[in-house]
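Structure, as structure tokens:
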Amino acid sequence: MARRLLLGCSAVGNTLVERSRGERGELIAITDDTGWASTLRDRNVATVEADPTDPSAYPDRAAVVLVASDDPARNVAAAEAARERYPDAMIVAHVGTSPTAAERSALEAAADRVVDPVEALVTRVCEAIGADGDEGGTDELPVRLLATLRELSGPLLVVAHDNPDPDAIASAIGLARVADVVGVPADPCYGGEIAHQENRAMVNLLDLSLSTFDGIDLDDYDGVALVDHSRAGINDSLPEGHPVDVVVDHHPPRGPVAGSFVDIRPDVGATSTLIEEYLSRLGVEPDRPLATALLYGIRIDTKDFTRSTSIPDFEAAASLSPLADESTLERVESPSVSQETLRVLANAIEGRDVRGSTVASCVGEISDRDTLAQAAERLLDLDGVAVTFVYGYMDGVIYGSARSRGTDLDVGELLRDALDPVGSAGGHATMAGAQVPLGILEEVSESESLPEVVETFVSGRFFEALDDAPTQPTGAASEFPTD
């Protein structure tokens, strides 16, 4: 078991001891301050009352050495003595009170890491207020967000896009938590339904509280926020053009975005990453359910960090991981598979139309549109397949879901070219969705079934667009759901 050694003591050293009491490894303290020695013994820390700069008092071995008195000169002497005695040890040194430049330099030469609590505090405060020289950049966003929220005289309605995915669900709840910081009541809500079994499992197992848009009276709210999409009435249940106060999204918008506070970062893989950044910068630790939901939102939108992933996504995930409930995540990721999902997947495999590395498949009538996205993902596992498009119809609408992997084809632009003129479509370079009203296609002749008519119509437009398909990056994507 690794032995940890504390040389000297102070308020900083005492805090280090308190924080590390539960860690593995024997802790021994050496200090000639009688008061601190008594305090450490009261905490059941093995303490030797001796000069911390005298190596004759040191134990035979130490893997980690913490140098922590308030006297900079003694810290330098202790760090140098420890380095000579334990050349392979990890040495972390507190600078002490008002060190000279020479003392700081000597500490940096002897120790692996030098800690200055005053400097760390100043840096943390500057980060929180956006005072690190990034004027007008992302560092001041939390401050501007809080200012926008404080201007509200009533509650905030936080709207996720319709049929929300984990990223939208977590972001809505997370933004409501940010509003709570300034005492603004906030209600996260969504339109449509949470259909995917994994998404339902996440909400149920984490006991996440969201309202459905049905029954919402907009007059009860003084402000509206959009998460994971950026325009009211486009893929949400708000009236088109409804006033919006806050927009937080990672999808590139296709049109103007209105709002008092707008944070859209297409280079980030998930909106949950932005929410985690706000919470971290504001010094708010998310509770376990929220941390778990945000982590899951990032993992799903980046496909476990293999798709459209940025450094902030990794940083947010690293921050959330210690707070998340991994056992619940395992249960969320392994839900029971519905019979409808298996039926749609079987139909997608059986009815696949393969042209080169592209597969399109009409699965006929469906009862759960989310099964299309699952089928499109699974078809990517077929050997030699780089692009998939699975579509079916329900309630008078044709729904489609596309995926791509290992190709420069932009499936968001592909679906827009193919189906935007007759419906609505869009998404990202690697994942996209579409919906088209059935309209006159339902008035089929006796000699031709509706599935055949739908397949002929959609497949024809899809493969025609594929012949002149755009490649990524395109610099734009719509707010249409990328299911």
Side-chain angles (χ1 to χ4, degrees), residues 19 90 92 112-117 119-146 165-178 181 202 206 227-228 246-252 261-326 328-330 332-333 428-431 473 482:
R19 288 290 182 91
M90 173 73 174
V92 180
D112 296 286
R113 185 172 179 183
V114 175
V115 179
D116 185 342
E119 182 177 306
L121 177 61
V122 171
T123 299
R124 187 69 183 85
V125 170
C126 287
E127 287 179 351
I129 64 175
D132 61 354
D134 188 24
E135 185 177 354
T138 59
D139 287 319
E140 67 175 37
L141 287 172
V143 178
R144 293 199 291 110
L145 174 57
L146 293 189
D165 58 8
D167 188 30
I169 293 169
S171 297
I173 295 173
L175 187 57
R177 178 69 182 92
V178 173
V181 171
M202 181 184 84
L206 295 176
V227 293
D228 210 32
V246 173
V247 176
V248 183
D249 191 14
H250 74 113
H251 301 95
F261 173 86
V262 176
D263 184 6
I264 300 178
R265 288 184 246 171
D267 57 325
V268 172
T271 303
S272 292
T273 296
L274 307 185
I275 299 297
E276 187 283 329
E277 178 185 292
Y278 300 155
L279 293 170
S280 176
R281 297 282 295 283
L282 296 170
V284 178
E285 183 174 291
D287 59 25
R288 186 169 293 271
L290 176 55
T292 306
L294 289 169
L295 178 59
Y296 188 54
I298 296 170
R299 286 172 54 175
I300 289 297
D301 258 36
T302 62
K303 201 173 182 182
D304 273 329
F305 309 101
T306 63
R307 174 178 63 201
S308 304
T309 310
S310 67
I311 291 176
D313 297 312
F314 286 110
E315 292 175 340
S319 177
L320 292 166
S321 290
L323 307 174
D325 187 338
E326 288 293 341
T328 298
L329 270 182
E330 290 178 5
V332 168
E333 293 173 330
H428 298 284
T430 58
M431 56 191 301
T482 53

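We number each residue from 1, following the sequence as shown.
Val248 is listed as a side-chain neighbour of Phe261, based on a closest heavy-atom distance under 4.5 Å. The shortest side-chain heavy-atom distance between Leu145 and Val178 falls under the 4.5 Å cut-off. Val247 is listed as a side-chain neighbour of Ile264, based on a closest heavy-atom distance under 4.5 Å. Contact check for Glu285 versus Leu279: no side-chain heavy atoms found under the 4.5 Å cut-off. Put simply, the side chain of Leu282 reaches to within 4.5 Å of the side chain of Leu146, judged on heavy atoms. Contact of the Asp165 side chain with the Ile300 side chain is not registered, since no non-hydrogen atoms from C-beta on lie closer than 4.5 Å. Side chains of Val227 and Asp249 form no contact here, defined as non-hydrogen atoms less than 4.5 Å apart. Considering only heavy atoms from C-beta on, Arg299 comes within 4.5 Å of Leu329 through its side chain.
Between the side chain of Thr309 and the main chain of Arg307, a donor-acceptor pair closer than 3.5 Å is present. Counting only distance, with no hydrogens or angles, the side chain of Ser280 and the backbone of Glu277 share no donor-acceptor pair below 3.5 Å. In this structure, Asp313 contributes its side chain and Gly269 its backbone to a donor-acceptor pair below 3.5 Å.
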Exercise answer: donor-acceptor pairs, residues 286-295 side-chain atoms, under 3.5 Å, sequence neighbours excluded:
from: Asp287; atom 1: OD1; to: Leu290; atom 2: N; distance (Å): 2.9
from: Arg288; atom 1: NH1; to: Ala324; atom 2: O; distance (Å): 2.9
from: Thr292; atom 1: OG1; to: Arg288; atom 2: O; distance (Å): 2.7
from: Thr292; atom 1: OG1; to: Asp325; atom 2: N; distance (Å): 2.8

Audit row: Ser310, Asp267, side-chain hydrogen bond (donor to acceptor under 3.5 Å, both in side chains) steps and yes/no: CA-CA 7 Å; Ser310 67; Asp267 57 325; 5.9 Å; no
Can you list the steps and then say if Ile298 with Leu320 is a side chain to side chain contact (heavy atoms under 4.5 Å, CB included)? CA-CA 10 Å; Ile298 296 170; Leu320 292 166; 4.0 Å; yes
If you apply the rule side-chain hydrogen bond (donor to acceptor under 3.5 Å, both in side chains), what do you find for Ser171 with Asp228, and how did you get there? CA-CA 7 Å; Ser171 297; Asp228 210 32; 5.6 Å; no
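Taking CE of Met90 as the start and CZ of Arg113 as the end, the distance is 7.0 Å to the nearest 0.5 Å. A distance of 4.5 Å separates CZ of Arg265 from CG of Leu274, quoted to the nearest 0.5 Å. Here NE2 of His250 is found 8.0 Å from OG of Ser272. Values are rounded to the nearest 0.5 Å. Put simply, CG on Asp263 and CG on Leu141 are 4.5 Å apart, with the number rounded to the nearest 0.5 Å.
Of all the heavy atoms in Thr273 and Ala316, the pair that sits closest is CG2-CB, 4.0 Å. For Arg281 against Pro142, the heavy-atom pair with the smallest separation is CB-CG, 3.8 Å. Nearest heavy atoms, Ala318 versus Pro322: O-CD, 3.2 Å.
Using a 3.5 Å distance cut-off with no hydrogens or angles, the side chains of Tyr296 and Asp167 do not pair a donor with an acceptor.
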